[in-house]
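Data block below; observations after.
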Amino acid sequence: MHEKCSHCDLKYQIEPSFFYGAMYVSYGLNVAISVAAFITSFVIFNSSIKTAFISIIIANIVLFPIVLRLARNIYINMFIKYRPEYNK
């Protein structure tokens with residue numbers, strides 16, 4: 001992860017261990033992915049419970065890098081207000 005934003009020079013690491021709170025956001029995102037994978041596998045494709053849980057594990061492993069970055073983005077946006085004047 002970069003130290004600062006290349007566009008507006010915002011320091012991402014606001015305080016030591018700031019992104020530990022992003023773990024809670026990541027947990028919520030992973031639960032949503034797990035529920036979606038279970039419903040898709042078990043309800044829509046009528047697979048067994050074992051296959052449904054394997055699909056949950058695979059979905060969480062494959063989507064891990066996306067969830068990590070998305071959770072950090074969501075978490076920092078809870079504390080830092082977006083300022084459109086920096087986009088000019």
Side-chain angles (χ1 to χ4, degrees):
M1 187 165 173
H2 297 290
E3 296 270 334
K4 293 184 176 190
C5 177
S6 61
H7 189 68
C8 66
D9 209 33
L10 171 72
K11 184 179 175 187
Y12 290 131
Q13 194 74 17
I14 297 169
E15 61 185 33
S17 307
F18 173 73
F19 284 110
Y20 281 159
M23 290 188 301
Y24 297 106
V25 177
S26 176
Y27 176 77
L29 292 172
N30 280 319
V31 167
I33 289 169
S34 299
V35 168
F38 180 79
I39 289 173
T40 302
S41 179
F42 188 72
V43 176
I44 295 174
F45 293 123
N46 294 324
S47 64
S48 67
I49 290 286
K50 184 177 179 181
T51 307
F53 282 110
I54 291 171
S55 70
I56 290 171
I57 293 168
I58 290 171
N60 281 326
I61 290 172
V62 168
L63 295 175
F64 174 74
I66 296 169
V67 169
L68 176 74
R69 286 164 180 80
L70 187 61
R72 286 183 170 200
N73 270 332
I74 291 170
Y75 190 71
I76 200 165
N77 280 302
M78 289 180 189
F79 298 98
I80 305 296
K81 185 175 186 259
Y82 173 71
R83 295 184 186 155
E85 62 267 11
Y86 285 123
N87 280 339
K88 295 179 181 175

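The first residue in the sequence is number 1, and the count goes up from there. Computed from heavy atoms alone, side chains included, the values below leave out hydrogens, waters and symmetry copies.
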Problem - Shared hydrophobic cluster, Met23 / Ile76 (ILVMFWY, side-chain heavy atoms < 4.5 Å) - result: no
Fill in the blank from the handout: Thr40 and Ile44 have their tightest heavy-atom pair at O-CB, 3.3 Å
Problem - Phe79 CZ: over 12 foreign heavy atoms closer than 6.0 Å - result: yes
Problem - Cluster link Met78 to Ile80, ILVMFWY, side chain under 4.5 Å - result: yes
Practice task
Spell out, yes or no, whether Tyr27 and Phe18 are grouped together once hydrophobic residues are joined by side-chain heavy atoms under 4.5 Å, including indirect joins.
Solution key: no
Practice task
Write out all pairs satisfying side-chain hydrogen bond (donor to acceptor under 3.5 Å, both in side chains) with one or both partners inside residues 65-80, taking only residues at least two apart or from two chains.
Solution key: none
Identify every side-chain donor-acceptor pair in residues 51-68 under 3.5 Å, counting partners at least two apart or on other chains, and give the distances.
unit_1 : atom_1 : unit_2 : atom_2 : d
Thr51  : OG1    : Ser48  : OG     : 3.0
Ser55  : OG     : Ala52  : O      : 2.5
Asn60  : ND2    : Ser34  : OG     : 3.1
Asn60  : ND2    : Ile56  : O      : 3.4

Practice task
Using atom types as modelled and distance alone, determine if a side-chain donor or acceptor of Ser47 lies under 3.5 Å from a backbone N or O of Ser41.
Solution key: yes
